[in-house]
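Sequence lines set the chain letters: A, B, ... in the order given, protein chains first and strands last, and positions in each chain run from 1.
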Amino acid sequence: MHSQTHLESLISFIKSTTQTTQLLQIHAYLLRTSLIQDTTFSVPFLRRISLQNLNYSLHTFSQISRPNAIHYNTMIRAYAMSNHPERGFYVYRDMMRQGIRPNPHSSSFVTKSCIRASLLFGGLQIHARIMRDGHHSDTLLLTALMEFYSGRGKCDDACKVFDEMPQLDTVAWNVLVSCYTRNGRTRDALGVFDTMRSGEHGCDPDDVTCLLVLQACSNMCAFEFGERVHQYIKDHGYIHALNLCNSLVAMYSKCGQMDKAYEVFQEIRNKDVVSWTAMISGFANNGHGREAINVFREMVRMGVSPDEQTFTALLSGCSHSGLLDEGRLIFNCMQREFHVVPNIHHYGCVVDLMGRVGLVEDAYELIMSMKCKPDATIWRTLLGACKVHGNLTLGEQVIEHLIELKAQEAGDYILLLNIYSSAGNWERVIETRKLMKEKGIQTTPSASTIELKGEIHEFKVDDTSHSRVNEVYEMLDEIEKQLKIGGYHAEITDNRLSYHSEKLAMAFGVLATPPGTKLRVAKDLRICTDCHNFAKKLSGVYNREVIIRDRIRFHHFREGRCSCNDFW
DNA sequence: CTAGGGTTAG
């Protein structure tokens with residue numbers, strides 16, 4: 001027989017080895033000696049092998065004549081993390097059929113299965129079981145369940161689980177924040193940060209909370225809130241965490257505060273590729289293409305290797321600032337000098353760059369020459385260029401490509417409509433409208449937000465839901481009257497004046513802040529030409545700086561000009 | 001009976 005010390009060393013060997021070949025030898029040995037039937041051996045072995053090879057763990061599992069809860073749990077976990085997460089759920093069901101009671105660990109693993117396999121009903125069943133088995137006080141388990149609801153877009157259900165948890169910890173709060181951010185309830189995410197800070201619940205925000213909240217600030221351009229988070233990070237000794245610093249650079253950039261972003265950036269001691277890229281992308285998105293290129297040069301000088309995303313940021317900077325030659329130069333050298341193979345995003349930037357200066361045919365050729373398959377975004381970029389340069393024939397060709405990809409959206413047709421109407425081709429306008437109706441393509445209203453004393457105000461097109469709606473419309477009319485003097489005429493589409501959300505947000509800003517205050521507006525879609533003109537004139541006539549962040553980039557309006565120089 | 005939850009920065 002085996003000696004006691006021999007068996008003990010076998011177990012510690014199983015736990016420590018990382019070599020698959022050794023594990024396989026042990027596997028054979030356990031089977032030969034029937035030690036596999038002894039849970040003292042089978043449990044650590046199964047656990048170990050399940051992290052390396054699913055087939056072997058399955059084989060081992062099948063050799064165990066009376067698997068216990070831990071064996072089952074190990075298998076559920078292995079499947080939950082595999083390419084077939086749904087099988088974890090099947091094992092869980094099998095376990096119950098065998099009359100083995102799931103413990104909180106089983107539920108935890110199987111919840112992961114349901115999350116990864118998008119099993120809605122599975123998750124609901126598990127929720128019911130958790131309650132029935134009396135595991136409704138297990139914080140870790142309920143946090144996993146929240147994550148499940150959060151991932152399925154069921155924010156309210158996640159909140160309900162949260163509210164009913166008897167014991168909360170920081171992780172649970174963080175999941176709540178990430179749930180809000182992921183499901184578009186950015187404002188509530190910021191609210192949670194304040195609630196946590198109030199100290200009423202005994203859970204202070206940690207570094208993860210800060211990371212999540214900074215993301216939320218970036219999303220909605222909440223600069224003042226972001227500053228407070230920055231202060232919190234300083235006060236709590238997180239300021240040397242590289243991920244937080246990089247997020248701060250991104251947050252300030254996304255709020256259009258380049259001086260602040262640069263300040264944080266400069267103080268980072270061990271700048272990595274992410275830090276450099278964040279800075280480049282910040283300058284790029286704010287229309288400072290030259291600065292973006294300078295930061296890139298500095299990065300190379302410091303010996304940090306740029307990667308795919310660095311070039312995406314850099315090339316997009318070139319396209320936002322209309323730097324055709326520089327962009328082409330970078331595109332041409334990225335593979336040769338930096339060994340980064342151009343991907344679809346890089347091509348997209350160059351297509352955009354060529355499209356802007358009117359080289360639409362060349363851009364089309366470039367797309368057709370790509371090794372990777374063109375996606376909807378790149379065609380859309382070219383379609384935008386066709387609109388700017390009134391190229392009707394190519395525009396129609398591009399729409400064909402989009403239709404072929406089954407990816408055409410309302411915005412694409414609107415662009416096409418604009419091309420037709422600029423060309424005075426009313427027949428085609430009517431045809432296209434009819435086509436849109438047939439295809440059931442609906443235009444979704446976009447929204448703009450503006451932050452005021454830390455509070456976020458949201459407006460939609462022709463919005464009437466704001467508490468000061470009458471004042472806002474009066475103010476907008478008043479502004480338009482003033483701007484008319486400055487040579488601005490509102491564009492009339494579809495025979496009527498429309499009150500775009502960004503105009504309403506700007507009007508509200510003028511209304512609710514003292515003269516000269518900077519206005520910072522975030523919009524979820526792209527700003528249109530008319531609103532762009534409106535903002536330009538407003539910045540001059542009212543002597544206000546206006547920053548509008550749209551889906552793609554920033555526009556800084558000042559003294560009647562925009563930082564983008566009309567390079568969209 | 002060892003096992004389980006949140007971040008994935010640009």
Side-chain angles (χ1 to χ4, degrees), chain A residues 11-12 14-15 38-48 50-51 68-78 80-81 102-113 115 130 135 138-148 150-151 158 161-162 165 167-179 181-182 192 203 205-215 218 238 241-251 253-254 261 264-265 268 271-285 292 295 299 304 306-314 316-317 345:
Chain A
I11 292 174
S12 64
I14 289 172
K15 285 183 186 170
D38 185 339
T39 53
T40 335
F41 295 96
S42 59
V43 167
F45 182 75
L46 194 58
R47 233 182 87 65
R48 192 81 226 160
S50 75
L51 296 174
N68 65 17
I70 303 178
H71 293 127
Y72 273 105
N73 288 355
T74 309
M75 289 313 293
I76 298 171
R77 189 183 74 150
M81 298 190 307
N103 63 20
H105 292 279
S106 331
S107 311
S108 225
F109 293 137
V110 77
T111 303
K112 189 101 190 162
S113 269
I115 292 170
I130 290 170
H135 299 149
D138 191 316
T139 304
L140 271 71
L141 177 51
L142 294 179
T143 311
L145 195 62
M146 277 181 73
E147 183 63 21
F148 163 76
S150 165
V161 174
F162 180 85
M165 272 160 81
Q167 210 76 38
L168 291 167
D169 63 12
T170 307
V171 177
W173 283 96
N174 287 348
V175 175
L176 185 67
V177 176
S178 101
C179 175
T181 319
R182 268 162 75 175
V192 176
C203 291
D206 66 2
D207 52 339
V208 174
T209 323
C210 292
L211 204 67
L212 291 165
V213 172
L214 282 179
Q215 197 131 336
S218 304
Y238 297 134
L242 194 56
N243 57 351
L244 285 179
C245 289
N246 293 345
S247 287
L248 279 170
V249 173
M251 182 276 292
S253 299
K254 285 182 182 170
V264 176
F265 173 74
I268 302 176
K271 298 183 187 66
D272 64 357
V273 58
V274 180
S275 326
W276 288 99
T277 307
M279 199 62 241
I280 292 171
S281 140
F283 279 133
N285 291 328
V295 173
M299 170 185 186
V304 179
D307 66 8
E308 285 195 348
Q309 293 196 58
T310 316
F311 282 106
T312 307
L314 194 55
S316 85
H345 303 292

Residue pair [X] / [Y]: nearest heavy atoms and the distance that separates them:
| X | Y | answer |
| --- | --- | --- |
| A:E147 | A:S178 | OE1-OG, 4.4 Å |
| A:I14 | A:R48 | O-CD, 2.9 Å |
| A:T277 | A:T310 | OG1-OG1, 3.0 Å |

Using a heavy-atom cut-off of under 4.0 Å over every strand shown, decide if [X] touches base, sugar-phosphate, or nothing.
| X | result |
| --- | --- |
| A:V177 | nothing |
| A:N103 | base |
| A:V175 | sugar-phosphate |
| A:S107 | nothing |
| A:A313 | nothing |
| A:L142 | nothing |
| A:S106 | nothing |
| A:A69 | nothing |

Would you say whether A:H105 stacks on B:dA3? The test is a distance between ring centres of less than 5.5 Å and an angle between planes of less than 30°.
yes
Under the side-chain contact (heavy atoms from CB on, under 4.5 Å) test, residues paired with A:A250 that sit two or more places apart:
none
Using the test side-chain contact (heavy atoms from CB on, under 4.5 Å), find all partners of A:P104 that sit at least two apart in sequence or belong to another chain.
A:H135, A:D138, A:L141
Is there a donor on the side chain of A:D138 or the base of B:dG4 sitting less than 3.5 Å from an acceptor on the other?
yes
B:dG5 base / A:D169 side chain donor-acceptor hit below 3.5 Å:
yes
Below 4.0 angstrom from OP1 or OP2 of B:dT8, is there any side-chain N or O of A:Q215?
yes
Distance in angstrom units between [X] [atom1] and [N] [atom2], rounded:
| X | N | atom1 | atom2 | answer |
| --- | --- | --- | --- | --- |
| A:L214 | B:dG10 | CG | C1' | 14 Å |
| A:L244 | B:dT8 | CG | P | 11 Å |
| A:K112 | B:dG4 | NZ | C1' | 10 Å |
| A:W173 | B:dG5 | CH2 | P | 22 Å |
| A:F265 | B:dG10 | CZ | C1' | 12 Å |
| A:L242 | B:dT8 | CG | P | 15 Å |

